[in-house]
Amino acid sequence: MTTPLLDIDNLQVAFDTRAGTVQALRGVTLSVAAGETLAIVGESGSGKSVTAQAVMGLIDVPGRIAGGAIRWRGAPLAGRSARKVWGKDIAMVFQNPMTSLNPLMTIGEQIAETVRLHLGLPRAAARDRAAELLSAVGISGARRRLDQYPHEFSGGMRQRVMIAMAIACEPKLLIADEPTTALDVTIQAQILELLSGLQESLGLSIILITHDLGIVAGLCHRVAVMYAGQIIETGPVDDIFERPAHPYTQGLIRSTPRLDVPEDRLTAIEGTPPGLLHPPEGCAFRARCPIAIDACALPQRLQPWGAGTVACCRAGEPAWRAA
Ligand SMILES: Nc1ncnc2c1ncn2[C@@H]1O[C@H](COP(=O)(O)OP(=O)(O)O)[C@@H](O)[C@H]1O
Ligand SMILES: [Mg+2]
């Protein structure tokens, strides 16, 4: 096997709050290969963003990395070597493009600044590169657009600008954290198509973070499902949709709108995830799981399962009867 680009090994992240220690990540293990698109899915609060922040070196007080390792091409990401990697090899796109753009600077100035900072290009060349990047993310009339301000761009266009800035330094890995959540469905599809196109043309690896399993099918090769600060299942996208092994994944798919399933057949998973101040020892899903047994009170480790992995002693058992 070739060394994965990114390799996260038993990562633990804690936040020390006045109420106690929030165990946000409780042993996250996953890897991303070159050219691969990996989706991280899970309910709100499951630890998707904290995982991305840890990779980007953005965990700050009251948060801390409490254990585990993050490796880039096999080398631990820590200290100064990590800074280099974050600036150049790994880039990130956030959910809300309006808060990430400076309303007082033109789009061109902002992209050119990124380009100058990272590639050390002189002013005129940076502007040329900015126009090139705008075209690359599907913005027509790029030259003219450079002199406009963020408020003159629609939400979808602003997200395109954020993607342009993220790919400016030709990263190997792009992490997109809920990049389309603030956008309407049509624009959402366009942005996903753009990411898919860039993935092919630039040979990018992508981590797509989303709470919406419905958007991963066309874009992602592999899916990692998070629950209460842990990865509970990983697998090729087709396997996850056709043969989900973990009861939680089965529930997620049952509650995801699809073209071939009438809306009234959708069923949400009842209950809520456990709090992370005092997470349970065993399977965190067991209180909501219809097929839980005594053994579920023991810690569940990720085990090989088909072409992926699953952390469940009842893996593969149908948890819900067909509606
Ligand atoms: N700055 C913080 N202080 C305390 N807890 C935090 C902080 N940031 C995140 N958390 C906790 O970490 C957990 C995971 O959060 P997050 O990764 O943002 O979830 P997701 O992105 O999957 O919705 C949540 O329980 C959240 O409350
Ligand atoms: Mg999040």
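Looking at every heavy atom in both residues, Pro103 comes nearest to Tyr149 through O-CD2, 3.6 Å. Between Ala245 and Val310, the shortest heavy-atom distance links the atoms CB-CG2, 4.1 Å. Here the closest heavy-atom approach between residue Phe241 and residue Ile253 is recorded as CA-CD1, 3.7 Å. For the pair Leu133 and Ala164, the tightest heavy-atom approach, listed with the atom from each and the gap, is CD2-O, 3.8 Å. Taking both residues in full, the closest heavy atoms of Ala126 and Arg116 are given as CB-CG, 3.7 Å, listed atom of the first, atom of the second, then distance. Contact detail for Val28 and Gly229: the closest heavy-atom pair is CG2-O, 3.6 Å.
Taking the charged nitrogens against the carboxylate oxygens, Arg129 and Glu170 do have a contact shorter than 4.0 Å, which makes a salt bridge. Salt-bridge annotation for Arg288 and Glu43: present, with a side-chain N of the basic residue lying under 4.0 Å from a carboxylate O of the acidic one. The pair Asp128-Arg143 meets the salt-bridge criterion, with a side-chain N (NZ, NE, NH1 or NH2) lying under 4.0 Å from an Asp/Glu carboxylate O.
Ile139 contributes atom CD1, which lies 11.0 Å from atom CZ of Arg158 (distance to the nearest 0.5 angstrom). The distance from atom CE of Met162 to atom CE of Met92, rounded to the nearest 0.5 Å, is 10.5 Å.
Residue pairs meeting the salt bridge (charged side-chain N to carboxylate O under 4.0 Å, His left out) criterion with at least one member in residues 217-233, sequence neighbours excluded, are Glu36-Arg222.
Side chains of Leu195 and Leu174 form a contact here, defined as non-hydrogen atoms less than 4.5 Å apart. Inter-residue side-chain proximity for Ile232 and Cys312 is flagged as unmet; no heavy-atom pair is nearer than 4.5 Å. In this structure the side chain of Asp212 reaches within 4.5 angstrom of the side chain of Gln188, judged on heavy atoms. Using a 4.5 Å cut-off on side-chain heavy atoms (C-beta onward), Val93 and Asp177 make no contact.
Applying the side chain to side chain contact (heavy atoms under 4.5 Å, CB included) criterion to Pro280, with sequence neighbours excluded, gives Pro274, Ala284, Arg286. In this structure, the side chain to side chain contact (heavy atoms under 4.5 Å, CB included) partners of Ser46, at least two apart in sequence or on a different chain, are Lys48, Met226. Annotation: side chain to side chain contact (heavy atoms under 4.5 Å, CB included) contacts of Ser205 (sequence neighbours excluded): Leu5, Val32, Leu173. Every residue was checked against the salt bridge (charged side-chain N to carboxylate O under 4.0 Å, His left out) condition with Arg314, not counting sequence neighbours, and none meets it.
Within 6.0 Å of CD on Glu152 lie more than 12 heavy atoms contributed by other residues, nucleotides or ligands.
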Quick one: do Arg26 and Gln23 satisfy side chain to side chain donor-acceptor pair (under 3.5 Å)? Show the steps, please. CA-CA 6 Å; Arg26 306 185 298 130; Gln23 297 175 44; 5.4 Å; no

Side chain to side chain donor-acceptor pair (under 3.5 Å) assessment of Thr309 paired with Thr234: CA-CA 5 Å; Thr309 56; Thr234 68; 2.6 Å; yes

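The closest donor-acceptor contact from the side chain of Ser255 to the backbone of Gly251 lies under 3.5 Å. Side chain of Gln230 to backbone of Gly47: no donor-acceptor contact under 3.5 angstrom is found.
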Donor-acceptor pairs are to be reported for all side-chain atoms of residues 8-16 against protein atoms at under 3.5 Å, with residues two or more places apart or in another chain.
{"unit_1": "Asp9", "atom_1": "OD2", "unit_2": "Arg71", "atom_2": "NH2", "d": "3.2"}
{"unit_1": "Gln12", "atom_1": "NE2", "unit_2": "Asn10", "atom_2": "O", "d": "3.4"}
{"unit_1": "Asp16", "atom_1": "OD1", "unit_2": "Thr21", "atom_2": "OG1", "d": "3.1"}
{"unit_1": "Asp16", "atom_1": "OD1", "unit_2": "Arg64", "atom_2": "NH2", "d": "3.0"}
{"unit_1": "Asp16", "atom_1": "OD2", "unit_2": "Arg64", "atom_2": "NE", "d": "2.7"}

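Val50 and Leu277 fall within a single hydrophobic cluster, where Ile, Leu, Val, Met, Phe, Trp and Tyr are joined by side-chain heavy atoms under 4.5 Å apart, directly or via other members.
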